[in-house]
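Have a look at the structure below before the remarks.
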2 protein chains.
Amino acid sequence: MSGNSAKTTDKPESILRKTLSATVESDIEQRIVEGVYGPGDRLDEEELSAKLGVSRTPVREALRKLAAHGLVTIRPRAGATVARPSMAEIIDLFEVVSELEAFAARLAAHRATDTQMRAIQQAYKACGKLAASKDAQAYFDANRIFHGAIWAAANNPALTEQIMSVDKRLAPYRRQITFHPTRKQDSESEHDQIAQALAARQQDVAERAMRDHVMILSDDALQLARDLRI
Amino acid sequence: MSGNSAKTTDKPESILRKTLSATVESDIEQRIVEGVYGPGDRLDEEELSAKLGVSRTPVREALRKLAAHGLVTIRPRAGATVARPSMAEIIDLFEVVSELEAFAARLAAHRATDTQMRAIQQAYKACGKLAASKDAQAYFDANRIFHGAIWAAANNPALTEQIMSVDKRLAPYRRQITFHPTRKQDSESEHDQIAQALAARQQDVAERAMRDHVMILSDDALQLARDLRI
DNA sequence: TCTGTAATTATTGTATACAAGAGCAACAGG
DNA sequence: CCTGTTGCTCTTGTATACAATAATTACAGA
């Protein structure tokens with residue numbers, strides 16, 4: 001058994017043999033990331049089990065896993081809620097993710113295969129087209145694909161995992177930004193710098209551009225959060 | 001020693017209201033980090049529940065949480081085992097943690113309070129004293145305290161959390177190194193550089209020194225792993 | 001009306017029972 | 001001797017029952 005485990009592409013979401021609990025987890029997670037359940041919302045076990053058509057047991061296990069990832073807060077004997085990080089925590093998380101993404105960009109500049117590089121450039125162009133459009137959700141998704149292509153090109157699955165983990169926790173706050181009309185254009189010029197640096201395989205430039213890009217996003221998110229009194 | 005583990009051992013996470021599952025989790029985690037259960041070892045639910053004096057339910061929840069942290073691998077319907085990352089995955093994890101620790105060092109150089117700085121220097125000295133000693137475990141612990149003091153001085157709890165998470169997964173491999181006699185001396189000169197840079201609040205130097213320190217550790221760990229055919 | 005306390009309620013934490021699939025062993029056939 | 005199949009066993013996955021406690025409400029007294 002220890003022989004050729006080969007390349008078990010250890011994807012976070014890889015569900016080879018579907019167990020119920022796995023689908024329950026991704027189901028709840030999706031609702032949180034998509035904003036169906038917002039920060040602070042109560043996650044009643046019975047309610048969820050009824051909604052998902054399973055008993056409390058798999059729901060509980062899913063909630064525990066999500067809590068381990070920081071997406072959900074569980075207070076003993078007081079139930080689970082969608083995590084509601086304080087302003088300070090949000091700042092900290094953005095700081096971490098900006099560093100990780102910057103590192104991913106550096107690695108990508110160094111290690112991206114030709115195929116991966118093409119994927120990045122393609123995702124960049126797709127973003128550009130949607131920047132002008134009114135469809136914020138489409139741009140949000142395209143943006144995610146662009147970043148995801150860079151994470152993949154870093155060729156470090158553990159790094160990707162870490163970034164995605166932190167990113168999920170920030171999803172509610174990033175989402176807000178996307179709906180600000182001016183942000184998309186600014187974001188595009190930043191994406192342009194990143195894409196160019198990567199294409200030229202300039203590690204330092206790519207790293208710095210990515211860090212700045214995420215930090216600007218962070219500033220905007222925080223400003224918005226402040227305005228909205230989150 | 002099946003006796004009740006009412007003794008709250010050294011737990012970094014403060015548990016306000018102790019629930020059984022919480023203690024079960026840290027109990028299993030401790031056994032993994034301390035090497036009682038090594039990579040690949042099977043974690044039988046019934047066996048653990050008997051050993052810990054609880055039913056399967058809390059054991060299962062604990063295992064799920066540990067799996068979420070990457071410390072345990074769960075294959076559906078095939079049980080849980082202590083995670084056994086491939087060589088490639090170990091490299092990736094070291095790469096991530098070196099970057100995170102380097103970032104923590106940078107932040108610490110910038111943000112450490114005087115008290116925090118004193119704690120770092122104190123931990124550094126404690127390491128130095130133990131470097132010459134034969135007590136590998138004591139040095140291992142002192143080393144952890146030194147690094148922990150720097151993480152704390154970065155004043156970014158989210159970053160500390162990430163580092164600790166990755167660090168736990170690497171514990172079995174780091175542990176090996178500590179028992180290599182030459183490593184301790186080398187490590188000390190590296191610690192010296194880090195401590196000096198922090199004291200002088202030189203962000204760039206501290207960052208680089210820490211990155212190099214962890215990467216050297218990584219190289220040694222991998223060499224050793226290779227020798228031991230892990 | 002406000003406040004502190006006590007009973008109540010509702011939800012979580014844990015244990016146990018049952019169902020279902022994976023792994024193993026015995027065995028038949030080559 | 002090896003190999004593929006078949007049935008059994010053992011562990012996990014899920015459901016449900018019960019216990020314990022946090023939150024809420026009702027109420028008495030100021």
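Given the structure is predicted, the values throughout are model-derived calculations rather than measurements. In what follows, chains carry the letters A, B, and so on, assigned in the order in which the sequence lines appear, proteins first and then strands, with residues in each chain numbered from 1.
- Ring geometry for B/His147 against B/His213 counts as parallel: the plane angle stays under 30°, on a 0 to 90° scale with 60° as the upper cut.
- For C/dC18, neither phosphate oxygen OP1 nor OP2 lies less than 4.0 angstrom from any side-chain nitrogen or oxygen of B/Arg56.
- Counting only heavy atoms from C-beta on, A/Arg42 has its side chain closest to C/dT11 among C/dT14, C/dG21, C/dT11.
- In terms of phosphate contacts, A/Thr57 brings no side-chain nitrogen or oxygen within less than 4.0 Å of OP1 or OP2 of D/dT14.
- Look at A/Glu61 and B/Arg60 and you find a salt bridge, because one of the NZ, NE, NH1 or NH2 atoms lies within 4.0 Å of a carboxylate O, short of that distance.
- The side chain of A/Val54 approaches D/dA15 more closely than any other nucleotide in the set D/dA15, D/dT12, C/dT12.
- As judged by a 4.0 angstrom heavy-atom cut-off over every strand, B/Glu45 is placed among residues touching the sugar-phosphate backbone only.
- More than 12 heavy atoms of other residues, nucleotides or ligands shown are found within 6.0 angstrom of CD on B/Gln137.
- A straight line from CD of B/Glu61 to P of C/dG13 spans 8 Å, rounded to a whole angstrom.
- When each of A/Leu43 and B/Pro58 is assigned the nucleotide of DNA chain C bearing its nearest heavy atom, the one mapping closer to the 5' terminus is A/Leu43.
- Residue B/Arg77 places no side-chain N or O under 4.0 Å from the OP1 or OP2 atom of D/dT11.
- Residue A/Ala78 has its side chain nearest to D/dA22 when only D/dT14, C/dT14, D/dA22 are considered.
- When the nucleotides C/dT14, D/dT11, D/dG13 are ranked by their closest atom to the side chain of B/Arg64, D/dG13 comes out on top.
- For B/Leu48 and C/dT14, the CG to P distance is 16 Å, given to the nearest whole Å.
- Atom CD1 of A/Ile74 is separated from atom P of C/dT14 by 12 Å (rounded to the nearest Å).
- Of all nucleotides listed (D/dT11, D/dT16, C/dA15), D/dT11 comes nearest to the side chain of B/Glu46.
- Look at B/Arg174 and B/Asp167 and you find a salt bridge, because one of the NZ, NE, NH1 or NH2 atoms lies within 4.0 Å of a carboxylate O, short of that distance.
- Distance B/Arg60 CZ to C/dA17 C1': 14 Å, rounded to the nearest Å.
- One atom, CG of B/Asp44, and another, C1' of C/dG23, lie 14 Å apart when rounded to the nearest Å.
- Contact check, B/Arg75 against C/dG23: a side-chain N or O comes under 4.0 Å of OP1 or OP2.
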Could you go through the side chain to side chain donor-acceptor pair (under 3.5 Å) check for A/Asp220 and A/Gln176 one step at a time? CA-CA 10 Å; A/Asp220 287 358; A/Gln176 298 289 343; over 6 Å; no
